[in-house]
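Please read the structure below before turning to the comments.
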Amino acid sequence: EPEVTQTPSHQVTQMGQEVILRCVPISNHLYFYWYRQILGQKVEFLVSFYNNEISEKSEIFDDQFSVERPDGSNFTLKIRSTKLEDSAMYFCASKGTVNSPLHFGNGTRLTVT
Amino acid sequence: DQQVKQNSPSLSVQEGRISILNCDYTNSMFDYFLWYKKYPAEGPTFLISISSIKDKNEDGRFTVFLNKSAKHLSLHIVPSQPGDSAVYFCAANSYNTDKLIFGTGTRLQVFP
């Protein structure tokens, strides 16, 4: 079964550094998402992306965050200047049609020290 | 943001018995509900969904019930199996938004 793949599985960075989290969505999917889960908290929506542009974003997704689909396969989340509170598990997700359920990757654990 | 609540953080059920996981929501605009299962070190895996025009949806051992007047949904797993041991998340969204709102999850343990 096709999978959403995320790399790296764990990223450690120092506060203030830039990080790029990478995702390869399922190949025929058109809708792409990032969610995050801070330890002990809910899975939270960050951003959705369709037709090469952001379709919706949460209040968490401020100017420090950006997303990009640089080619036909990758979907990236960049955090420009990381803060301690950005430490979380970041999940990429995709779906093929507007009415289908999301398929999630296994996540990247980001630790900001 | 408490729009989706799972009030039971954990549930323990004997193998072969029924597991019932509950979820309450407050936003009457929600019209689509999903259940996801999550194992440690993995992402959420879609299990089953239900639209607000239905009150029941069944897929094998999994059945989701929706009570719109009570703003409550439940997931029934029968018979429960040890491999069902995981964290189960309820999620919801409405027609005018693309984001899923997740509950806090219920950890199900199925013991032999």
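Reminder, nothing fancy here: chain letters follow the sequence lines and each chain counts from 1. Below, all heavy atoms of this structure are taken into account, side chains as well, without hydrogens, waters or symmetry copies.
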Close side-chain approach of [X] and [Y], heavy atoms under 4.5 Å:
X	Y	answer
B:F102	A:Q41	no
B:Q6	A:K42	no
B:F89	A:Q37	yes
B:Y36	A:P101	yes

Contact class of [X] relative to chain A, heavy atoms under 4.5 angstrom:
X	result
B:T97	both
B:T104	both
B:Y39	neither
B:A91	neither
B:L34	side chain

Going by an N to O cut-off under 4.0 Å, is there a salt bridge joining B:D98 and A:K57?
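Salt bridge flag = no for A:K57 with B:D98.
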A:K83, NZ atom: more than 12 neighbouring heavy atoms under 6.0 Å
yes
A:L39, CG: over 12 other non-hydrogen atoms inside 6.0 angstrom
no
Let's test your reading of the structure: which of A:S9, A:S48, A:G107, A:A93 forms the most heavy-atom pairs below 4.5 Å with chain B?
A:S48
Please classify the contact of A:L102 with chain B as side chain, backbone, both or neither, using a heavy-atom distance under 4.5 Å.
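Both parts, heavy atoms under 4.5 Å.
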Please classify the contact between A:Y50 and chain B as side chain, backbone, both or neither, with a heavy-atom cut-off of under 4.5 Å.
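Looking at A:Y50, nothing touches chain B.
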Taking the six-membered ring for Trp, are A:F104 and B:F46 ring centroids under 6.0 Å apart?
no
